[in-house]
Amino acid sequence: MSALPNREEKITLDTFLRGLWEENPVFVMLLGLCPVLAVTNSTMNAIAMGLATTFVLVASSTLVSLLRRVIPKQVRIATYIIIIATFVTIVDYVIQAISLDLYNALGAFIQLIVANCVILGRAEAYASKQRVGASVVNALGMGAGFTVALLCLGTVRELLGAGTILGFQIFSANFEPWVVMILPPGGFFVLGAWLLLFEYLKQRKERKLLDSEGAIS
Amino acid sequence: MDPNSLTFIFLNAALINNFVLALFLGLCPFLGVSAKRETAWNMGLATMFVMLVSSVSAYAINWMLTELEIEFLRLICYIAVIASAVQLVEMTVKKFSPALFRALGIFLPLITTNCAILGLALFQTFREYDFLQSLAFSLGAGAGFTLALMLMAGLREKLELARVPSVSRGAAMSLMLAGLLSLAFMGFAGLGGSHA
Amino acid sequence: MKKVISVGQIMRNVVYALLPLCAWAVYQFGISALALILVTTLSCALTERFFCWMSGRPTTLSDFSVIITGLLLALTLPPGFPLWMGAVAGFIAVGLGKSLFGGIGYNVMNPALVGRAFVQAAFPVAITTWTPAFAPGRFVEFIPSTLALPFMSPVDTADWVKSHAVDGFTGATPLALQKFERITVDSSDLLFGMVAGSAGETAALLIFLCGAYLALRRMMDWRIPAAVFTGVVLVALPFHLYQPEAFPSPLFMLLSGGLMLGAMFMASDMVGSPLTARGVWLYGLLIGSLTVLIRLFGGLTEGVMYAILVANALTPLIDSITQPRVYGTGGGKEARS
Amino acid sequence: MSGVEQVQEPPRTPSFAMLRTLGGVAMMAGLLVVLVFQVTKPIIEENKRIAIEKAVFRVVPGAASRKDFVLGAEGLLPAAEAQAGGETIYAAYDAQGALLGVAMEAAATGYQDVIRILYGYNPACECVTGIKVLKMAETPGLGDKIAFDPEFLKNFEALDARLAPGRDGLLNEIVAVKHGNKTAPWQVDSISGATISSKAIARMINQSGQRMFPLIMRHLDRLRAGG
Amino acid sequence: MGFINLFRKHNTFSHGIHPLEHKESTAGLKIRRLPFAPRMVVPLLQHRGAPAVALVKPGQEVVRGEPIAEPGGFVSVPMHAPVTGRVKAVGELVPTAEGPKTPAIVIDTYEASTQQVLFDSPRDPARLTPEQLVEAVRETGMVGLGGAAFPSHVKLLPPKGKKIDLVVINGCECEPYLTCDHRVMLEQTGKMLAGIRMVMRALGAERAIIGVEDNKLDAVERIRAELPADLDIRCEAVETKYPQGAEKLLITSLTGREVPSGGIPADIGIAVYNVGTMAQLGDLVPRGRGLIERVVTVSGHGVRHPGNYLVPIGTPLRFLLEQVEADVGACEVVLGGPMMGMSTASLDVAITKGVSGVVVFEHREQDGLDRPVFPCIKCSACLDACPLHLNPSMLGQLAGVRDYARMEQEYHLNDCFECGSCSYVCPSNIPLTQYFRIAKAVNRETRETA
Ligand SMILES: Cc1cc2nc3c(=O)[nH]c(=O)nc-3n(C[C@@H](O)[C@H](O)[C@H](O)COP(=O)(O)O)c2cc1C
Ligand SMILES: Cc1cc2nc3c(=O)[nH]c(=O)nc-3n(C[C@H](O)[C@H](O)[C@H](O)COP(=O)(O)O)c2cc1C
Ligand SMILES: Cc1cc2nc3c(=O)[nH]c(=O)nc-3n(C[C@H](O)[C@H](O)[C@H](O)COP(=O)(O)O)c2cc1C
Ligand SMILES: Cc1cc2nc3c(=O)[nH]c(=O)nc-3n(C[C@H](O)[C@H](O)[C@H](O)CO)c2cc1C
Ligand code: SF4
Ligand code: SF4
Ligand code: SF4
Ligand code: SF4
Ligand code: FES
């Protein structure tokens with residue numbers, strides 16, 4: 001985790017991109033894993049969850065940032081939680097209004113967005129100290145990072161587990177799905193495999209860097 | 001076995017639909033506090049305890065909200081009431097059993113708002129459990145959480161001594177271990193259902 | 001002053017003990033079983049080689065442990081299991097079950113069973129599709145599902161089974177028959193492998209003898225199978241006495257399904273089992289009782305694999321509560337004279 | 001940072017600021033939620049109604065309208081009038097208003113967890129006319145076929161559920177048999193490889209039917225009349 | 001839980017191992033004298049405790065049996081000249097089997113040096129008070145000949161408040177190859193019993209038990225035939241099993257009692273002596289002489305004339321091996337028994353008071369040792385072997401990640417007496433005992449620097 005900015009920050013591309021990669025809440029910080037694993041047995045669910053989370057993230061960051069000068073220290077966490085819970089309740093009803101099927105597929109995990117520490121973490125570590133603009137951009141970045149992670153899992157799991165993406169047949173009709181991928185163990189395995197891949201690439205890069213330095217000196 | 005019996009609810013929450021390994025609830029503490037058996041045990045106890053408290057409070061709030069017909073405030077109330085209830089109990093414990101407090105203390109504030117606790121409250125509401133069923137559910141969920149945590153901690157301590165390849169050290173390995181545990185727990189599927 | 005057995009010797013002997021089982025499987029199920037055994041073993045070996053190469057370690061093929069993994073894996077799969085799925089199982093067994101944690105000695109769960117559990121969850125239909133033993137023409141003709149194209153669904157074997165009309169073959173294992181139809185298969189059929197089931201699990205007597213060879217040569221801890229059997233009997237007997245028609249006898253429990261193979265060759269893998277004698281008893285009793293409970297009250301007909309995996313996961317905890325009592329640290333002995 | 005400190009400075013006490021903020025935020029939250037709730041409530045209810053209707057019409061083919069009743073201690077009452085709890089049943093009528101069938105829920109433990117279904121019963125032919133799975137956690141590709149496998153669903157298009165002469169239970173127990181072994185119209189032909197899930201469906205219909213069908217027959221007139 | 005004793009196998013301890021004995025080639029051979037080497041090397045530290053302090057100067061003449069060094073502290077012993085000759089050097093650094101070099105007195109032997117010991121001051125042990133007896137033992141320079149080389153007089157002065165009521169005499173000789181104690185029991189029975197009598201008197205002990213492994217029943221018979229009537233001394237056969245001779249286990253085998261962890265036999269009122277120690281004391285104290293030679297088993301496939309030799313202390317190993325026509329070219333030489341002994345790199349080390357055997361292995365005999373080391377496969381063979389019921393598997397794994405502190409705190413590292421049983425049985429060929437030695441050394445060092 002890079003040092004948290006204490007001074008108010010200028011909005012740069014980095015404010016957004018940080019959440020997408022360098023501080024990716026799922027792959028790097030390993031936060032909010034429960035929804036990531038629970039709802040990614042299909043791409044559709046992953047997208048819906050990503051959007052819902054991003055919305056709550058952005059909305060609560062905005063409000064927290066707006067109110068940052070009037071919230072006393074002692075009650076700030078309580079306040080944040082109430083704010084977050086409010087937006088989650090809103091999302092919950094909106095999704096029910098949009099599609100009951102989707103709502104049933106996501107189960108309790110919409111409401112559990114409240115417990116997702118990415119959101120509380122952003123509120124506490126960033127939005128409470130930054131201007132609204134920067135907070136929104138940062139929250140969008142984090143939301144995007146979270147959504148990308150959900151998609152990384154959702155597509156792999158749906159593709160292998162059902163042979164489809166977003167319900168469209170990708171492989172030949174005779175493809176034998178790997179059911180385990182949409183079962184709970186599959187969630188762990190796929191996330192584990194992504195982390196392995198990232199670690200492998202990182203180590204390879206470091207080795208190359210070392211090698212090239214060695215060659216120079 | 002009757003799906004509404006207390007035993008079945010307990011077993012189901014502990015083994016078949018284990019909170020961590022099958023429902024994906026409480027993963028952050030599961031991955032974060034499972035490096036050592038001792039902390040895992042204390043964390044498990046703390047969680048079980050908080051689950052019990054929140055199950056009781058959720059039952060009470062839900063009853064009240066239903067009476068007042070303001071269910072739409074459920075989520076906000078749950079999270080606020082559970083957090084304060086835990087804080088209250090924490091203060092009581094601190095006063096009457098400092099030893100217990102030392103064991104559980106550091107974990108309590110961390111767990112209060114995590115998704116296993118909230119999930120427990122929400123599930124018992126959705127499934128319309130009565131008071132006793134809610135208790136059995138929370139105890140089962142807590143026991144299952146502790147079991148998963150202890151298993152994980154045991155395995156991780158064992159692997160501390162292994163020559164694990166550099167790539168799989170760390171979070172990736174923990175996830176793979178969780179996957180293997182989850183795979184093993186699939187054997188409990190359908191336990192207690194009558195199939196004759 | 002070294003004149004004890006080496007790891008390589010132990011592993012080689014286990015391979016020897018497994019060969020009769022493989023031969024029996026081939027005799028029973030024909031070339032499909034042979035092909036399956038070859039494919040899983042090859043897949044395991046190649047995976048081991050690959051991961052050793054990836055992590056820059058010397059190859060460890062020569063210790064033969066990976067051959068055991070391959071053979072045992074094949075023996076636990078249905079004889080008509082598609083070969084490509086067998087290859088997947090082998091890859092997962094060694095990759096996820098062993099190499100990920102550092103290779104031989106460091107795996108936390110039995111690699112062969114990790115592979116099997118994975119394909120059981122991935123391909124639940126294929127792994128519960130049984131074909132008859134002693135089908136005519138089994139030495140010249142593959143079971144059609146065996147040759148499914150990689151990543152493609154296997155063809156339905158129902159017609160093939162019909163065309164080979166083996167007397168009264170129902171496509172159900174003795175355990176499934178017992179559980180769903182309350183038909184108990186004769187013990188003698190179970191002893192000699194005259195039933196449906198995984199390639200290497202059917203002939204209880206042969207498995208017992210091969211395991212006994214290992215136990216006698218002290219390459220395997222006899223306590224583990226003994227404890228598993230005890231656990232089975234302790235749990236199955238009361239139920240059987242209470243309701244003989246509903247709950248099968250302990251003998252049936254011991255001889256049916258993968259219990260014999262699991263107790264003799266898989267629970268006994270020392271890497272995943274506790275260290276002390278007390279720990280091993282606990283571990284074995286746990287496997288035995290869990291197996292019976294899953295069989296009687298679970299959703300699955302067979303529970304040996306899951307029981308062993310769960311017990312493997314419990315091993316570190318069992319170990320921690322069964323440390324040996326060190327000489328001279330109490331236990332009341334000092335007081336005596 | 002400085003902003004926070006300013007707020008805490010006297011003359012206003014910190015606890016006043018805390019209360020004010022918490023109260024304010026809570027008010028705002030309440031308002032927002034109520035607002036959204038009010039807006040979405042009709043939509044959601046409509047969604048739910050459509051969902052139930054779709055399900056009822058599916059399990060009672062040919063239905064055009066439905067009425068909800070509660071079958072409980074007080075006997076059969078229209079849902080709106082029922083005070084004490086009971087089991088909700090949905091009576092379905094054709095375009096002319098004639099009773100086509102009754103839909104109700106049933107549940108039992110399947111392979112992984114509890115399976116809940118809605119199924120239709122036709123008092124005229126004394127048979128089950130269709131099922132729809134409402135909730136399950138069966139294995140994808142195996143047990144979950146109970147929801148859509150046409151061959152399996154065909155079992156329930158006219159599943160014999162005649163009452164025994166005493167009118168207090170079924171004449172023939174509804175049971176699942178192994179795939180391909182169906183010989184009687186009250187048997188359910190299992191999905192191969194998912195016997196457990198199939199048996200769960202048969203079992204839940206049997207249990208529910210043993211109890212409910214005699215009651216429905218008793219209140220048939222009321223149901224026919226529609227209230 | 002007395003009834004459990006009914007099932008306890010009598011006269012043995014639990015666990016332990018059964019290595020091949022290889023005693024047949026020397027067990028029947030009488031003790032023979034070895035000629036003097038032209039140059040003798042007497043290290044000043046041949047025992048546990050403080051080094052001795054030299055009393056002689058270079059160029060000085062010494063007579064066989066004359067004291068040449070005095071004790072350097074309470075836990076220390078004097079040294080005596082093994083030969084008549086001229087001191088060539090004092091304090092010269094010489095190699096040892098353990099590795100680090102140590103100062104020694106080097107003596108050039110006069111060719112005329114006789115086997116006769118001229119340095120005598122006879123006395124009657126029966127007349128000495130216990131205190132005088134202890135002093136007399138100290139003057140002999142006697143250390144434990146069973147291998148540990150702990151100064152014998154120290155064991156005669158038990159810690160305050162501890163009363164010794166039982167003396168256990170260790171005639172197990174559980175190490176493969178070694179037969180020197182066996183020969184001593186057969187050939188010097190009387191001297192040995194005399195030594196036991198002295199020790200019992202010095203300690204005020206009422207009873208003594210001589211424990212002998214049941215592969216030496218001839219020795220048991222011989223001893224039983226000569227047991228004195230006036231003393232409560234018994235001779236018991238115990239199971240032949242390694243490491244039966246470790247004092248803690250021998251005590252358990254003979255009495256069923258356990259020495260507390262971290263304690264010494266004196267804590268339960270017992271003192272343990274080796275049979276060779278007793279025989280030498282029985283010989284030396286009445287004559288007022290010092291310890292200048294001991295019986296050493298020389299054996300192994302690489303030795304042409306294996307046997308038991310009475311070797312002057314300070315004889316260079318190379319000389320000894322020449323005398324028995326050992327083929328040293330392609331061999332590994334172990335001082336002590338093969339299980340506990342040290343494989344020595346240099347042939348210039350001297351035979352010291354603690355060396356009970358010299359075993360010469362041909363390389364092919366060592367086949368197992370160069371097998372590759374595998375990771376621990378948790379086979380639990382080592383747990384079943386460890387006579388102290390430690391968990392060598394876990395200790396080894398912890399050593400692998402250098403968690404030495406945990407080895408000590410949780411897994412009783414300090415109880416391990418490095419018997420080598422675990423390494424012997426390990427199919428993965430893990431040098432467990434070696435790891436434990438290193439771990440203990442590192443822990444000791446960290447404690448000292450802390
Ligand atoms: C559920 C749970 C989650 C945790 N998550 C984190 C985390 O994300 N980051 C972290 O540094 N410590 C985490 N910890 C460990 C912290 O509790 C640790 O004690 C804290 O970082 C120490 O901070 P302090 O030195 O400021 O007290 C977690 C602990 C628990 C029980
Ligand atoms: C991973 C896995 C998932 C399974 N899922 C189901 C399921 O969803 N429904 C079911 O009835 N049986 C399920 N089974 C159980 C077996 O398929 C069981 O043997 C089968 O139901 C017996 O039916 P059969 O007699 O037709 O083979 C599953 C088994 C495994 C290994
Ligand atoms: C593993 C081990 C094996 C031993 N084996 C013998 C033995 O066979 N004979 C023996 O006299 N002493 C043996 N000892 C030494 C004894 O424990 C004890 O130190 C000795 O008997 C005391 O007598 P001493 O001081 O007269 O030598 C052994 C020690 C250990 C640690
Ligand atoms: C008695 C015995 C049983 C074994 N059983 C298994 C087994 O069930 N599965 C397996 O993968 N390897 C087995 N092995 C081989 C080996 O221990 C295994 O590959 C290790 O788990 C690899 O670290 C066995 C070895 C022995 C000696
Ligand atoms: S706050 Fe919740 S989501 Fe965040 S780390 Fe803790 S348990 Fe996980
Ligand atoms: S190999 Fe040689 S030294 Fe080793 S036990 Fe055998 S004979 Fe003895
Ligand atoms: S060397 Fe130590 S750990 Fe090994 S067997 Fe001997 S006493 Fe036990
Ligand atoms: S004998 Fe060796 S391989 Fe076996 S448990 Fe002990 S250390 Fe491990
Ligand atoms: S515990 Fe972290 S998201 Fe569930």
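All values reported here derive from a predicted model rather than from experimental measurement. Every chain is numbered from 1 and lettered A, B, ... according to where its sequence line falls, protein lines coming before strand lines. Below, all heavy atoms of this structure are taken into account, side chains as well, without hydrogens, waters or symmetry copies.
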* Does CZ in E:Arg406 sit with more than 12 non-hydrogen atoms of other residues, nucleotides or ligands closer than 6.0 Å? -> yes
* Can you tell me if E:Glu247 and E:Asn170 form a side-chain donor-acceptor pair at under 3.5 Å? -> no
* To do: Ignoring hydrogens and angles, state whether a donor on the side chain of C:Ser65 or C:Lys98 is under 3.5 Å from an acceptor on the partner side chain.
  => yes
* Can you tell which of C:Thr276, C:Asp319, C:Val280, C:Asp63 has the highest number of heavy-atom pairs within less than 4.5 Å of chain E? -> C:Asp63
* Structure fact -> Honestly, the part of E:Leu249 sitting under 4.5 Å from a heavy atom of chain C is both
* Please state whether the side chain, the backbone, both or neither of E:Leu388 comes within less than 4.5 Å of a heavy atom of chain C. => both
* Asked: Do E:Ser261 and C:Thr329 have a side chain donor and acceptor closer than 3.5 Å?
  -> no
* Asked: Heavy-atom distance under 4.5 Å to chain C: side chain of E:Cys376, backbone, both or neither?
  -> backbone
* To do: Report yes if the distance between the aromatic ring centroids of E:Tyr177 and E:His22 is under 6.0 Å, otherwise no.
  => yes
* Answer with side chain, backbone, both or neither: which region of E:Ser393 has an atom nearer than 4.5 Å to a non-hydrogen atom of chain C? => side chain
